[in-house]
Amino acid sequence: MKLHLVRLARAQGEVRFPGVRPFRAYLLEAAEEVGQGRLYLLLEGELVIDLPDGGYLHLRRGEAAHLAGPHRLVPIDPSILAVWETEAAP
């Protein structure tokens, strides 16, 4: 199965492959609090990830990040993220 993730996320807000539950691609237009671990691949846009220790990650298109715990996503412009849910570190 082939899906154009950026085009579909832009049009529908979210895209999932049938049967691939921990994966989704979605359009992020406003800040979002996240309480669990995730792996991100930024497909379009620009994004800052605020970390609980006061640090941050700045992602641009094509960059990826893996976070094990709570964090906050802050899009600089509308962004499309591919996301894999992961378990938080013990």
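In this text the structure is predicted, and so the values were computed from the model without any measurement.
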K.L.:
Any sub-3.5 Å donor-acceptor pair from Asp77's side-chain atoms to Gly45's backbone N or O?
P.N.:
no
K.L.:
Give the cluster check for Leu5 versus Trp84: same hydrophobic cluster or not, with ILVMFWY residues linked at side-chain heavy-atom distances below 4.5 Å.
P.N.:
yes
K.L.:
List the atom of Ala65, the atom of Leu57, and the distance in Å for their closest heavy-atom pair.
P.N.:
CB-CD1, 4.0 Å
K.L.:
Would you say Leu27 ends up clustered with Leu41 if hydrophobic residues are merged whenever their side chains have heavy atoms under 4.5 Å apart, either directly or through other cluster members?
P.N.:
yes
K.L.:
Do other residues, nucleotides or ligands put more than 12 heavy atoms under 6.0 Å from Arg7 CZ?
P.N.:
no
K.L.:
Sequence neighbours left out, what passes ring-ring contact (aromatic ring centres under 6.0 Å, His included) with Tyr40? Give chain and number order.
P.N.:
His71
K.L.:
Grab the two heavy atoms, one from Leu28 and one from Pro75, that are nearest each other, plus how far apart they are.
P.N.:
O-CB, 3.7 Å
K.L.:
Test side chain to side chain donor-acceptor pair (under 3.5 Å) on Glu63 and His58 and set out the steps.
P.N.:
CA-CA 9 Å; Glu63 294 180 329; His58 184 181; over 6 Å; no
K.L.:
Please report the shortest heavy-atom distance between Leu3 and Arg16, naming the atom on each side.
P.N.:
CD1-O, 4.0 Å
K.L.:
Look at the side-chain heavy atoms of Ile, Leu, Val, Met, Phe, Trp and Tyr, link any pair under 4.5 Å apart, and say whether Leu59 and Val83 land in one connected group.
P.N.:
yes
K.L.:
Determine whether the side chains of Glu32 and Tyr26 contain a donor N or O and an acceptor N or O closer than 3.5 Å.
P.N.:
yes
K.L.:
Does Val15 share a hydrophobic cluster with Leu39, counting links as ILVMFWY side-chain heavy atoms below 4.5 Å and allowing steps through other members?
P.N.:
yes
K.L.:
Strictly distance-based, threshold 3.5 Å: is any side-chain N or O of Gln12 a donor or acceptor partner for the main-chain N or O of Ala9?
P.N.:
no
K.L.:
What's the shortest heavy-atom distance between Glu46 and Ser79, and which atoms?
P.N.:
O-OG, 3.1 Å
K.L.:
Do Leu43 and Val20 share a hydrophobic cluster (ILVMFWY, side-chain heavy atoms under 4.5 Å, transitive)?
P.N.:
yes
K.L.:
Less than 4.5 Å apart, any side-chain heavy atom of Ile49 and any of Leu67?
P.N.:
yes
K.L.:
What residues, two or more places apart in sequence or in another chain, satisfy salt bridge (charged side-chain N to carboxylate O under 4.0 Å, His left out) together with Arg24?
P.N.:
Glu14
K.L.:
The test is side-chain contact (heavy atoms from CB on, under 4.5 Å); show your working for Arg72 and Val34 and say whether it passes.
P.N.:
CA-CA 6 Å; Arg72 183 172 190 248; Val34 180; over 6 Å; no
K.L.:
State the CG-CG distance between Leu73 and Leu47, to the nearest 0.5 angstrom.
P.N.:
5.5 Å
K.L.:
Looking only at heavy atoms, what is the nearest atom pair of Glu44 and Val6, with distance?
P.N.:
OE2-CG1, 3.4 Å
K.L.:
Are there more than 12 heavy atoms of other residues, nucleotides or ligands under 6.0 Å from atom CZ of Phe23?
P.N.:
yes
